[in-house]
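Only one structure is covered here, and it is reproduced in the block below.
All chains are named by letter (A, B, ...) in the order of the sequence lines, taking the proteins before the strands, and each is independently numbered beginning at 1.
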Protein chains: 2
Amino acid sequence: MPDFSGFGEFRMTKQRRVVYDVLVDEPRDHPTASEVFLRAKNRMPGISLATVYNCLETLTHAGLVKQVNLDRDASRYCPNLKPHAHFFCSECEQVFDITPRPSADPCAVWELPEGTRIDHLDVTLKGKCPACARAGHP
Amino acid sequence: MPDFSGFGEFRMTKQRRVVYDVLVDEPRDHPTASEVFLRAKNRMPGISLATVYNCLETLTHAGLVKQVNLDRDASRYCPNLKPHAHFFCSECEQVFDITPRPSADPCAVWELPEGTRIDHLDVTLKGKCPACARAGHP
DNA sequence: ATGAGATCAAGAATTATTCTAAATAAAAAA
DNA sequence: TTTTTTATTTAGAATAATTCTTGATCTCAT
């Protein structure tokens with residue numbers, strides 16, 4: 001069982017652990033709150049949707065999971081704490097984590113006025129994943 | 001009056017023109033649909049919110065405006081057709097357009113599996129704009 | 001054990017957006 | 001121009017994700 005000290009006043013309750021485990025265990029496919037709810041019920045039948053929302057918010061605040069927003073679709077959640085962006089395949093509608101090339105700084109490509117302070121970067125690429133791109137060009 | 005030929009079967013109706021003008025005229029501050037609605041009513045009191053939504057969708061489809069989504073907030077709209085990203089100041093909550101440095105390719109910094117096809121890039125930077133950053137460090 | 005505070009559950013409330021159906025306006029045909 | 005067809009606008013209902021509210025339950029320090 002991982003160590004969650006260092007995450008402030010955060011308390012790992014039974015429900016939060018279930019929600020967290022759902023995200024960490026396979027399939028790690030960036031589920032929405034409702035999808036997390038369905039999977040969580042398999043492990044803890046009495047859990048409520050409201051609690052899943054609460055847990056996801058708490059876990060996000062604690063920094064254990066990341067909220068992923070694509071356009072205005074339902075938020076998705078991901079336990080990958082390394083800095084990364086997302087690739088969305090418009091064909092199979094899957095979300096893939098992508099990482100910056102070593103030594104590349106994704107912020108550096110943008111022209112920003114002198115004195116701007118960057119706290120956070122949010123990147124989504126859209127297109128076709130290799131499998132779907134190949135299927136489309138038979 | 002600009003020429004809108006070359007935008008397919010698109011028809012520039014009175015309402016669409018009003019909505020478009022609201023976006024193009026100052027302040028070009030990335031308003032939400034409701035904000036566009038309020039401004040549009042000044043120019044055409046009878047216009048309805050549903051129509052504003054319809055027009056924004058049509059204009060977006062026609063490629064005359066871009067829909068800008070920050071997290072799960074209400075969509076904002078922007079008439080800047082040049083490729084650009086957005087900077088959101090967490091202090092003054094304004095949205096600024098930002099452009100890539102000449103000759104920089106924002107997609108190139110990301111590690112993507114061989115064969116991935118990129119159609120679209122969506123970037124939001126968050127932090128403090130120069131004015132707010134300075135105000136925070138007095 | 002007891003009491004204070006955090007967490008959970010169920011359902012109501014909210015909000016941005018989409019849908020529906022009828023009315024209106026514009027374009028095409030006669 | 002009149003008629004017919006088609007697209008657009010409107011108002012309000014419907015939807016869907018999320019948040020809020022309230023009371024019940026749990027946890028932990030005393």
Side-chain angles (χ1 to χ4, degrees), chain A residues 1 4-5 7-23 30-62 64-78 93 95, chain B residues 1 4-5 7-23 30-62 64-78 93 95:
Chain A
M1 190 186 299
F4 291 110
S5 54
F7 285 95
E9 281 306 302
F10 174 78
R11 191 198 281 167
M12 185 54 96
T13 65
K14 291 196 200 80
Q15 288 82 346
R16 287 173 186 167
R17 148 132 275 116
V18 166
V19 167
Y20 181 70
D21 287 348
V22 162
L23 292 174
H30 303 81
T32 63
S34 315
E35 288 162 349
V36 172
F37 175 51
L38 292 178
R39 296 180 196 175
K41 277 203 292 193
N42 293 331
R43 304 174 185 222
M44 181 184 271
I47 199 168
S48 76
L49 178 58
T51 296
V52 169
Y53 270 104
N54 287 338
C55 292
L56 289 170
E57 190 191 328
T58 307
L59 290 165
T60 302
H61 246 96
L64 288 164
V65 310
K66 283 190 180 170
Q67 192 183 45
V68 180
N69 295 302
L70 286 86
D71 300 327
R72 291 228 352 128
D73 294 344
S75 293
R76 298 163 175 276
Y77 295 86
C78 121
E93 308 205 309
V95 178
Chain B
M1 188 186 297
F4 291 110
S5 55
F7 285 97
E9 282 305 301
F10 173 76
R11 187 148 95 202
M12 184 54 95
T13 65
K14 292 196 197 83
Q15 288 83 346
R16 288 173 188 168
R17 148 132 273 117
V18 166
V19 167
Y20 181 69
D21 287 348
V22 161
L23 291 174
H30 302 81
T32 63
S34 314
E35 288 161 350
V36 170
F37 175 52
L38 292 177
R39 296 180 196 176
K41 275 203 293 193
N42 294 329
R43 305 173 184 223
M44 182 185 267
I47 198 169
S48 76
L49 179 58
T51 297
V52 169
Y53 271 104
N54 287 341
C55 292
L56 289 170
E57 189 189 331
T58 307
L59 290 165
T60 302
H61 247 95
L64 286 165
V65 310
K66 282 190 180 168
Q67 190 182 46
V68 180
N69 295 302
L70 286 86
D71 300 329
R72 290 231 348 131
D73 294 343
S75 292
R76 299 162 176 276
Y77 295 86
C78 121
E93 307 204 312
V95 178

Only counting residues at least two apart or in another chain, list the ones meeting side chain to side chain donor-acceptor pair (under 3.5 Å) with Asp71(A).
Lys126(A)
Partners meeting side chain to side chain donor-acceptor pair (under 3.5 Å) with Thr58(A) (sequence neighbours left out):
none
Produce a footprint string for nucleotides 18-23 of chain C: one letter per nucleotide, 5' end first; B if the base is under 4.0 Å from any protein heavy atom, S if only the sugar-phosphate is, - if neither.
B-----
Grab the CE-P distance between Met12(B) and dA26(C) for me, whole Å please.
15 Å
Between the protein and nucleotides 5-7 of chain C, which nitrogen or oxygen pairs come in under 3.5 angstrom?
residue, atom, partner, partner atom, Å
dT7(C), OP1, Arg16(A), NH1, 3.1
dT7(C), O5', Arg16(A), NH2, 3.4

What residues, two or more places apart in sequence or in another chain, satisfy salt bridge (charged side-chain N to carboxylate O under 4.0 Å, His left out) together with Arg76(A)?
none
Working note: Tyr77(B) + Lys66(B), criterion side chain to side chain contact (heavy atoms under 4.5 Å, CB included); need CA distance, chi angles, decisive distance, verdict.
CA-CA 6 Å; Tyr77(B) 295 86; Lys66(B) 282 190 180 168; over 6 Å; no
Nearest heavy atoms of Val68(A) and Cys78(A), plus distance in Å:
CG2-CB, 4.1 Å
Once side chain to side chain donor-acceptor pair (under 3.5 Å) is applied, do any residues pair with Arg16(B), and if so which ones, sequence neighbours excluded?
none
Interatomic distance, CD@Gln67(B) vs OG@Ser75(B), rounded to 0.5 Å, equals 4.0 Å
Would you list the atom pairs, donor with acceptor, under 3.5 Å between side chains in residues 30-37 of chain B and any protein atom, with sequence neighbours excluded?
residue, atom, partner, partner atom, Å
His30(B), ND1, Val95(B), O, 3.4
His30(B), NE2, Asp97(B), OD1, 2.7
Thr32(B), OG1, Glu35(B), N, 3.3
Glu35(B), OE1, Thr32(B), N, 2.8

Taking side chain to side chain donor-acceptor pair (under 3.5 Å) as the test, write out the residues that go with Arg72(B), two or more places apart.
none
What are the two closest heavy atoms between Val65(A) and Leu56(A), and how far apart are they?
CG2-O, 4.3 Å
For DNA chain C, determine which residues of residues 67-77 of chain B have any heavy atom closer than 4.0 angstrom to one of its atoms, and list them numerically.
Ala74(B), Ser75(B)
Holding to side chain to side chain contact (heavy atoms under 4.5 Å, CB included), I want the full list of residues that pass it with Asp73(B), two or more places apart in sequence or in another chain.
none
Quick check: closest heavy atoms across Leu64(A) and Tyr20(A), and the distance to 0.1 Å?
O-CE1, 3.8 Å
Supply the atom-to-atom distance Met12(A) CE to Leu59(A) CG, rounded to the nearest 0.5 angstrom.
6.0 Å
Earliest and latest nucleotide of DNA chain D, 5' to 3', sitting under 4.0 Å from a non-hydrogen atom of chain B?
dA7(D) to dT18(D)
When rounded to the nearest 0.5 angstrom, what distance separates CD1 in Ile47(B) from CG in Asn42(B)?
11.5 Å
Calculate, to the nearest 0.5 Å, the distance between atoms CZ and OG1 belonging to Arg11(B) and Thr13(B) respectively.
8.0 Å
Can you pull out the residues from residues 32-42 of chain B that lie within a 4.0 Å heavy-atom distance of DNA chain D?
none
